[in-house]
Every structure is written in structure tokens, then in C-alpha cells.
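What follows is one structure encoded as C-alpha cells, with my remarks underneath.
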Amino acid sequence: MASLPPSLPLSVRVKLCFDCQNKCGSFPISHRYLCCRCFSLLPLHQGAFPEDVCISEQQQQGAMHSGRTDCIYLGTAIKLSLWVKAVTSFRPRTFLRMECNNPSDFRIEADGVVYAARSLQRSPQHALVLLVKAIDGTTQQQWTTQVPDASVPPAGNTDLMEISFPSRRNSQLKRMKRDWVIPPINVPENSRGPFPQELVRIRSDHDKSRALRYSVTGPGADQPPTGIFIIDPISGELSVNKPLDREHISNFHLRAHAVDLNGNQVENPIDIVINVIDMNDNRPEFTHQIWNGTVPEGSKPGTFVMTVTSVDKDDPKTANGMLRYKILSQTPESPTSNMFTINNKTGGIITVAAGLDREKVPQYTLIIQATDMEGNPMYGLSNTATAVIRITDVNDNPPEFTAEMFSGEVRENRVNVIVANLTVTDKDQPNTPAWNAVYKITGGDSTGRFSVPTDPTTNEGLVTVVKPIDYETSRTFVLTVEAKNEVPLARGIHYPHLSTATVSIRVMDENESPYFEPNPKLIKLEEGLMPESALTIFTAQDPDRFMRQKITYSKLSDPANWLRIDPNTGRITTIATLDRESSYVKNNLYNATFMGLDDGKPPASGTGTLQIYLLDINDNAPKVFPQEAEICEKPEPNAINITAVDGDLNPNAGPFAFELAHRPFDVRRNWTITRISGDHAQVGLKIGFLESGIYEIPIIITDSGNLPMSNTSYLRVKVCQCDINGDCTDQQHIMAAGLGTGAIIAILLCIIILLILVLLFVVWMKRRDKERQAKQLLIDPEDDVRDNILKYDEEGGGEEDQDYDLSQLQQPDTLEPDAIKPVGIRRLDERPLHPEPQYPMRSAAPHPGDIGDFINEGLKAADNDPTAPPYDSLLVFDYEGSGSTAGSLSSLNSSSSGGDQDYDYLNDWGPRFRKLADMYGGCDD
């Protein structure tokens with residue numbers, strides 16, 4: 001008994017492979033058929049059936065009685081193929097439905113391929129008879145055929161197919177273009193064994209005369225991956241040693257060899273191709289587990305949404321890799337449960353029903369299933385993914401006011417204030433152009449005093465005053481406001497009556513400021529008007545006609561203090577003479593500002609400007625210009641050009657008349673004046689030589705006014721020696737530069753102050769030197785040990801255990817406080833083994849002139865110190881510092897040998913030096 005796994009093709013149609021088409025005819029080979037000559041398996045076509053190649057009854061009988069153990073299986077395939085061929089001509093126009101008499105064991109696909117529906121056991125006693133019926137879906141015409149024996153071929157054959165090395169007597173191999181073509185060996189993947197499983201026997205005609213050894217080479221045999229295929233070297237049986245995986249390696253190319261026992265090649269190597277037949281062992285895998293798509297609300301049926309894709313590692317040319325999609329569920333099922341459909345082959349999702357409304361269902365969740373085996377639910381493997389479809393908003397809901405009437409109030413003359421808030425509702429998605437409201441005033445505001453901007457947060461309309469409103473003119477406003485969206489409404493949607501509202505605005509009266517009319521007010525007067533002269537009446541008007549209020553006047557701005565205003569009547573009079581030539585008059589205009597204040601609550605004020613245009617009169621005498629000049633001692637080659645300056649305007653100014661004064665008498669004798677034009681004259685020397693100096697020349701200038709005015713001006717002339725170019729050469733240019741007495745005094749004061757500062761600094765420096773010398777004299781030079789002993793910050797050098805405090809060698813009373821080391825400072829590289837003892841203060845010698853006496857006194861003090869540690873203890877001395885430039889004292893040698901010295905005197909120095917005396921004194925004990 002042999003078993004066949006489900007989904008294994010039981011029957012295939014008869015076609016011709018590429019190797020056999022030269023003798024059987026030409027046709028496309030993109031279909032999965034069995035060659036009727038070499039019995040090789042061809043690919044399966046995904047579309048409609050092609051025209052089959054006709055075979056005769058002898059060919060069928062030859063295939064069925066070829067002596068092969070699977071002839072019944074092949075014969076069944078041929079008969080079924082012939083039956084399917086009979087109805088293929090109707091397929092382009094009709095739909096065929098196929099049925100069999102044993103659906104529990106077999107299933108028939110639309111292309112006529114029969115599959116085992118379950119694992120079947122081969123029984124020699126009972127043959128399986130399969131009846132197949134084809135029904136035309138249009139005419140209901142039926143065709144019936146019978147498969148005599150649908151038995152399952154055995155999993156393992158005792159008689160293996162032989163592949164012989166090329167020989168002329170071999171009729172199974174076909175020679176083509178001088179090469180022998182060996183039919184490929186088809187091995188299904190994922191076989192359960194038992195292993196090794198024999199595939200084919202390789203033999204040579206020379207094995208009859210001598211012993212041969214067979215071998216195979218190539219990937220899968222002796223090349224990675226090794227060990228998949230093995231061959232019996234004696235029998236030549238080629239076997240597979242483990243299950244194959246088509247998704248890993250779809251085919252193997254091996255080469256068979258035959259050698260004698262001496263290793264000599266007997267036959268030329270032959271190529272063997274092993275194709276791994278695909279099994280449905282891989283589920284479809286979606287490229288994304290969650291798919292996101294969008295579709296506008298209100299979309300028509302057939303609107304594309306998105307495409308989901310899945311991949312299957314199985315052979316896409318077989319049913320194992322052919323996927324079909326379908327929608328398993330839709331959440332929510334509103335308004336219907338089938339709002340979307342999916343193309344079962346491409347995975348494209350489209351809408352199939354109307355009624356998508358974002359305001360009711362903003363999002364749909366679909367469970368998509370992908371199934372291989374062309375979507376067969378019984379034999380195909382499937383997988384699922386989630387498709388999330390978000391319904392995008394369109395402007396299908398117009399904004400609607402929450403009330404038909406809104407009201408507000410505002411005080412007059414106020415601008416940029418919000419009068420009323422208009423609220424609307426919109427069911428579209430917030431903060432989108434389909435939700436954002438745009439307000440427009442369509443009536444009641446002919447003067448454009450209001451606007452309605454939109455609050456971006458609340459979407460409310462803010463009725464705002466943009467121009468001042470006068471209560472005395474308009475007390476109420478009734479506005480008509482329309483609300484729309486930023487984008488037009490969707491087709492077929494219209495604005496309802498609630499998209500328009502009425503706004504009633506009441507204006508409230510308040511005390512307004514008085515105003516002057518006209519403002520500014522212009523009057524024309526001649527200058528020189530005397531004080532207490534009445535000019536005009538400048539009054540203000542009160543806009544509050546319904547209030548009886550009194551206005552009081554006052555002066556705000558009067559730069560020259562020329563005017564006065566009556567607080568009750570507004571009459572303006574002069575308090576000084578008006579002068580057109582004043583610096584406060586610009587372009588003949590003098591401006592003064594007045595204020596009018598009413599007695600309302602609160603009081604309001606207004607300002608007005610009075611402009612006085614002053615007419616010129618001849619009230620200014622002309623003056624000479626320039627007032628200073630230079631001229632050479634000799635009259636040639638230069639003279640002085642002068643003109644006149646008059647503050648009045650024409651005709652009260654030029655032309656001018658110039659003449660020299662009669663006094664002093666030497667003026668006319670030394671100088672002469674010549675008129676050049678109406679405004680200019682020339683002054684020169686009348687005599688041949690004039691001594692150098694400064695001269696003042698009186699010149700009488702008369703203007704051309706109706707009442708002419710004359711004035712005597714003095715021209716200051718400097719007479720000097722000149723060079724050939726007519727320039728002064730003396731040193732009196734400083735005077736000409738205009739340095740006055742005040743400037744010279746200021747310069748002298750600065751020089752005196754600088755001298756005083758320098759003198760004070762010198763006195764301070766001398767006093768500081770005297771104080772320094774006085775401090776040095778306080779030290780007795782005979783008692784100053786620093787003349788013989790130099791003080792260093794650090795001694796440095798020497799043995800590490802000879803750290804003495806040399807600061808005691810210096811005169812104590814001359815030590816500076818910051819030079820004394822505090823008690824307890826030690827070297828950084830030593831650590832005390834016991835707490836530092838506190839020694840009593842020793843009295844310092846007043847003037848230790850002898851160093852030896854100073855050391856002896858210190859020794860006695862140490863010997864008599866009761867707190868001193870024993871002599872054999874570790875003593876800690878003050879740290880003297882490191883890095884001394886004095887160098888180490890260890891290199892100093894004694895002038896005499898150690899044996900000549902007598903160290904017994906060290907015993908007299910106390911217990912501290914007895915150990916040293918024992919070491920160097922030469923005592924035996």
C-alpha cells in the first residue's frame with residue numbers, strides 16, 4: 001500500500017516538452033503538462049487552456065503498455081486530457097462546471113487538473129473508477145467521461161528508471177544537435193522518506209565485460225551542500241539522502257562518471273538534472289500586517305481605495321503560489337456589511353455600496369485573507385492582515401447658526417472692540433477647510449463700520465467695530481451675517497436658512513470731546529502788532545447735542561508767549577509784539593495751540609491750532625557781511641567784497657546803498673568803497689601803503705523799504721604783509737582765527753592744573769622714599785645676622801631624616817609674620833606614627849650673636865622638656881620645602897677621617913645625642 005499526500009496533482013494533460021517538439025510539433029511550453037514521449041513534467045499555465053496536441057490511439061496504448069509501473073497513472077492522464085480537450089472550444093463563450101462521482105477522494109479544478117482530496121491508499125484488489133461530468137452553465141449541456149483506473153502510483157518503485165551512457169542502441173535517448181539529452185528527474189520537496197530514496201539507476205554497456213565504479217559530482221553531491229545525493233558505486237543507483245526544499249534550491253545539476261577499477265574513465269560524463277517539484281508548504285505572507293487607506297465620504301461605488309499585497313514562497317507558476325484575496329469581515333457593518341470588495345487576484349480594494357458618511361462612521365476595519373492554491377478553502381494555506389480605511393471629510397455639512405438672532409451694544413467712538421459672538425455648528429471634521437467658517441455681512445452696514453473675523457479656535461464669528469460710530473447720527477444697527485466654509489459645498493448640497501443670522505447692535509451715548517472748527521484756523525496779520533490787540537475768536541463745538549455743557553478755553557502751546565485767550569469767550573489777544581523775524585516763526589507762520597474743556601462727567605477736551613501768517617514790514621536795518629576780512633599793505637592786487645544782510649523781505653530789503661562814514665576822518669582818506677551791484681560792494685585801500693594792523697571801517701548801508709532804514713556797520717579789516725599770491729605771511733593768523741580772551745584763559749587754567757598735579761605726585765614719591773629709609777634705619781646693622789646668614793625659602797638636599805627648622809637661626813625680632821611657619825607643618829611624604837606633641841614655648845634669645853650659644857640654649861631647653869619623646873622614637877620636624885637651589889649637602893666630606901674625631905662630647909648634650917655618641921664614639925657596648 002502506498003500513500004499520496006493531498007494537493008498532489010493526480011492527473012496532468014499530455015503535451016510535448018521542448019526536447020520532443022521537433023518530431024511532435026511546435027507549441028508554447030508555459031503550461032504544466034506531461035510529455036507524451038519522454039514523460040517529463042512541464043510548467044502549469046495560469047490562464048485558459050491552449051490547444052492540446054492530438055495523439056493517436058496507438059500513442060495512448062503505447063503509453064499505457066510501455067511496461068512502466070506507472071502506466072496506469074499516465075494512461076489516466078491521457079484519457080482525461082482528451083476529455084478536457086473536447087470541451088475547450090466552448091470555454092471562450094461559456095462557463096463549464098465540473099463534477100466527479102467521488103468528491104470525498106478527488107477534486108477537479110477549472111482547468112481540468114484532478115487533485116487528491118485526502119491521503120489515498122493503493123489497493124491492487126480495488127481499482128478506483130472516477131466519473132467526471134462537465135456542465136455548460138448557459139445551455140446546461142452535459143458531457144461525461146470515465147477514468148478507468150485512478151489508482152495512486154506507488155511511492156517507491158522496485159524497478160528504477162535506467163539512464164544509460166550514450167549508445168547507438170539506446171532508443172530512449174534522443175540525439176539533438178550532436179548532444180545527448182538526458183530527461184530531468186523530478187523529485188518532490190519535503191518528502192518524508194524513508195531515506196535514502198532511490199531516484200534512478202545509471203549504467204554503462206561496459207559493465208557486462210568488466211567491473212565498473214559509478215560516481216556523481218556537483219552541488220548536492222561532492223560540492224556544497226554536500227551529502228544530499230549519493231550513488232551506489234557498484235549498482236549505480238542514485239538516491240536522495242534527505243528532504244529537499246525547493247524554496248532553497250529549485251534544481252540540481254549533477255554529472256555522472258563511470259570508471260574501471262583502476263580509475264580509468266570508461267565513459268564520457270553525462271549531465272543529470274534533478275528538478276525539485278514544489279509542494280504547498282508555505283503560507284502567504286502579507287508585506288504589511290496593517291494596511292492604511294483613505295477614501296472620501298460619499299464616494300460612488302467602484303471608487304478605488306488601496307491595494308494589499310501578499311507573497312508566497314512557493315512556485316508562482318503552480319497553484320501552490322497562486323494567491324486569491326477575500327474580505328473576511330468588516331467593522332462596523334454600517335450602513336451595510338459589504339461596503340467594500342477586493343479583487344481576488346490583485347488585492348485592490350474598491351467600494352461597492354454608497355452611503356459612506358464620515359460623520360456616522362469615520363473608519364472601517366477589514367480583515368483580509370490571502371489563500372494559495374488559487375483560493376481553494378479546503379487545500380490552500382491562508383493568512384490574514386488588517387486593512388484600516390479612514391473616511392476623509394468632504395464639505396457635505398454647511399455651517400448653521402445656533403440662533404437666528406444675536407444682539408450686542410457698543411459705546412460711540414469706540415473701535416476694534418467686539419460687539420457680539422456668533423456661534424455656529426458644523427458636523428464636518430474640525431480644523432479643516434470644510435469646517436472653518438467664513439462670515440460675511442450682507443446687509444445693514446452700508447458705511448462699512450463693522451467686520452466679522454473668525455476665531456480660529458472656537459470657529460465663532462466676532463462682530464467687531466472697525467470705524468467710529470456717532471450716537472447722534474445712528475443709535476442702532478441691524479446686520480445680516482452669512483456663514484460659509486472655506487471650501488465650496490459638495491455637489492448637491494445647499495446652504496440652509498440657518499446659515500444666515502441677524503445681529504442687532506445698540507449704540508450707547510457718552511461724553512465726546514469738543515472740537516474746533518476750522519482746525520487749524522489761519523489768520524493773516526502784519527508783524528509789529530502792539531500788545532493788547534485783538535486777533536480773533538477761536539471757539540470749539542460740542543458734538544453732544546443732547547447735553548447742555550459749558551466749554552472753557554485755555555492755552556496749551558505758545559512758544560513766544562505772544563497770545564492770550566479768554567476762558568469763556570475764546571477771544572485771542574496779544575500780550576507782546578509780533579515779530580516775523582523771530583526764531584519761533586517758520587515760513588512766516590506762527591503756531592499756537594488752545595484747548596477746549598467741557599463740564600461733562602467725565603470731562604472731555606479738544607484742541608485746536610491757530611496759525612498766524614505774519615506779513616513783513618520794514619523793521620530791520622541792513623548789516624554788513626562779512627564782518628571781518630584781510631587785505632595786503634599795498635592796494636594791489638586784491639580788495640574786499642562785501643554785501644548786506646537784512647532780516648526783512650523784498651521790497652523791504654535790497655537793493656542796498658553803501659557809503660563810508662564821515663567820521664573818523666582818516667576812513668575816507670585811507671579807504672574807498674565801490675558799489676558792484678544792488679547787493680554787493682567792494683572795499684579797497686585808497687593810499688599806496690598802509691601799516692600792518694587791524695582797522696575798523698564804518699560803512700553806512702541803506703535798504704529799499706517804503707520808509708528806508710539805514711545802519712552803520714563796522715567792517716574789521718586786518719592789514720598784513722602778503723606774498724606773491726596775496727596771502728598774509730605774518731604770525732597774526734591766530735587773532736584772525738577768532739581766539740577770544742575766554743578761550744585763552746581756559747587754556748592757561750588747564751596748564752596750571754596739570755602743573756599742580758605733577759608737583760603733588762613728585763612730593764608724594766619723595767615722602768614715600770623717606771618713610772622706606774626710616775624703616776631700614778631701625779635695624780641695628782651689627783645685630784643683623786642676615787649679613788652673614790642668608791635666608792632662603794627652602795634649604796633642599798641632604799638626607800631625608802635631617803629636616804631642621806633653620807628659621808630659628810634668623811633674628812627673631814626681624815621675622816615678618818607671614819614668614820613664620822605654623823606649628824605642625826611637615827613634609828608631604830611622611831606620616832607621623834603618633835600624635836604630634838605640643839611643646840612649651842621657648843624664650844627666644846634677645847640677640848644671639850653667636851650661633852653656638854644659640855644652639856646650646858636650644859639643646860638645654862630640649863633636654864629639660866618633660867614632654868619630649870624618648871630618643872629612639874621617630875621625630876617629626878618642620879618641612880623646609882623642596883627644590884632648593886643650594887643642592888644636597890650629602891656630598892660634603894669631612895676634612896678629616898672619621899676615626900680622628902672624638903665624639904665623646906656628645907654624651908654631655910643629653911639623652912638625645914647619646915645614641916649618636918655610641919655610634920661614632922667607638923664604644924664596644
Side-chain angles (χ1 to χ4, degrees), residues 296-298 357-360 362 391-513 515 541-547 604:
E297 62 175 332
D357 191 351
R358 189 204 64 83
E359 288 72 31
K360 295 180 179 179
I391 310 302
T392 59
D393 187 35
V394 298
N395 194 14
D396 57 346
N397 292 280
E400 297 181 358
F401 285 98
T402 56
E404 295 183 358
M405 175 69 71
F406 295 89
S407 61
E409 58 183 19
V410 61
R411 292 188 177 273
E412 63 173 336
N413 299 321
R414 300 290 180 88
V415 293
N416 298 326
V417 294
I418 299 176
V419 178
N421 289 25
L422 310 182
T423 56
V424 296
T425 59
D426 196 321
K427 297 180 181 179
D428 291 321
Q429 185 175 358
N431 301 317
T432 61
W435 179 81
N436 296 333
V438 178
Y439 300 90
K440 180 181 179 181
I441 300 176
T442 58
D445 185 24
S446 59
T447 57
R449 299 184 181 275
F450 299 92
S451 68
V452 188
T454 304
D455 188 329
T457 304
T458 62
N459 208 29
E460 295 179 352
L462 308 178
V463 181
T464 307
V465 180
V466 295
K467 292 182 180 180
I469 302 175
D470 187 6
Y471 173 82
E472 286 71 24
T473 302
S474 300
R475 299 185 181 184
T476 59
F477 289 88
V478 178
L479 307 179
T480 302
V481 181
E482 181 184 60
K484 293 185 178 181
N485 293 122
E486 293 181 355
V487 295
L489 290 175
R491 182 178 298 179
I493 306 297
H494 302 283
Y495 285 99
H497 71 281
L498 289 179
S499 295
T500 303
T502 302
V503 183
S504 177
I505 300 175
R506 183 171 64 90
V507 182
M508 296 182 295
D509 188 21
E510 65 178 14
N511 188 20
E512 298 180 71
S513 301
Y515 64 93
Q541 305 296 326
D542 191 351
D544 296 319
R545 298 193 301 268
F546 303 100
M547 300 181 184

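The shown structure was predicted, so the numbers you read here are calculated from the model rather than taken from an experiment.
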How long is the gap from [atom1] on [X] to [atom2] on [Y], to the nearest 0.5 Å?
X: Glu512; Y: Glu510; atom1: CD; atom2: CD; answer: 7.0 Å
X: Arg414; Y: Thr464; atom1: CZ; atom2: OG1; answer: 15.0 Å
X: Asp509; Y: Glu412; atom1: CG; atom2: CD; answer: 4.5 Å
X: Asp470; Y: Arg449; atom1: CG; atom2: CZ; answer: 8.0 Å
X: Glu460; Y: Ile418; atom1: CD; atom2: CD1; answer: 9.5 Å
X: Asp455; Y: Leu422; atom1: CG; atom2: CG; answer: 11.5 Å

Would you say the side chain of [Y] lies within less than 4.5 Å of the side chain of [X], judging by non-hydrogen atoms?
X: Asp396; Y: Asp357; value: yes
X: Val417; Y: Val410; value: yes
X: Asn395; Y: Ile493; value: no

Provide the closest heavy-atom pair for [X] versus [Y] in the form atom of the first, atom of the second, distance.
X: Pro398; Y: His494; result: CG-O, 4.0 Å
X: Pro433; Y: Asn485; result: O-CB, 3.7 Å
X: Pro453; Y: Tyr439; result: O-CD1, 4.4 Å
X: Asn397; Y: Leu489; result: C-CD2, 4.3 Å
X: Tyr471; Y: Met508; result: CD1-C, 3.9 Å
X: Val394; Y: Ala434; result: C-CB, 4.2 Å

With a 3.5 Å distance limit and no angle check, can you tell me whether [X] reaches the backbone of [Y] through a side-chain donor-acceptor pair?
X: Glu400; Y: Leu498; value: no
X: Thr423; Y: Thr402; value: no
X: Thr442; Y: Thr480; value: yes
X: Gln429; Y: Thr392; value: no

Using a distance-only test with no angle check, is there a side-chain donor-acceptor pair under 3.5 angstrom linking Asn459 and Asp426?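 No pair is found: no donor N or O on one side chain lies under 3.5 Å from an acceptor on the other.
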
With side chain to side chain contact (heavy atoms under 4.5 Å, CB included) as the criterion, how do Glu359 and Asp428 come out once you've worked through the C-alpha distance, each side chain's angles and the decisive distance to 0.1 Å? CA-CA 7 Å; Glu359 288 72 31; Asp428 291 321; 3.2 Å; yes

Students often mix this up, so state it plainly: with edges at 30° and 60°, are the rings of Phe477 and Phe450 parallel, tilted or perpendicular?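 Answer is perpendicular, since the angle exceeds 60°.
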
The test is side chain to side chain contact (heavy atoms under 4.5 Å, CB included); show your working for Ile469 and Asn413 and say whether it passes. CA-CA 5 Å; Ile469 302 175; Asn413 299 321; over 6 Å; no

Let's go through Val452 and Lys440 carefully: what are the C-alpha distance in whole Å and the side-chain angles of both, what is the deciding distance for side chain to side chain contact (heavy atoms under 4.5 Å, CB included) to 0.1 Å, and is it a yes or a no? CA-CA 7 Å; Val452 188; Lys440 180 181 179 181; over 6 Å; no

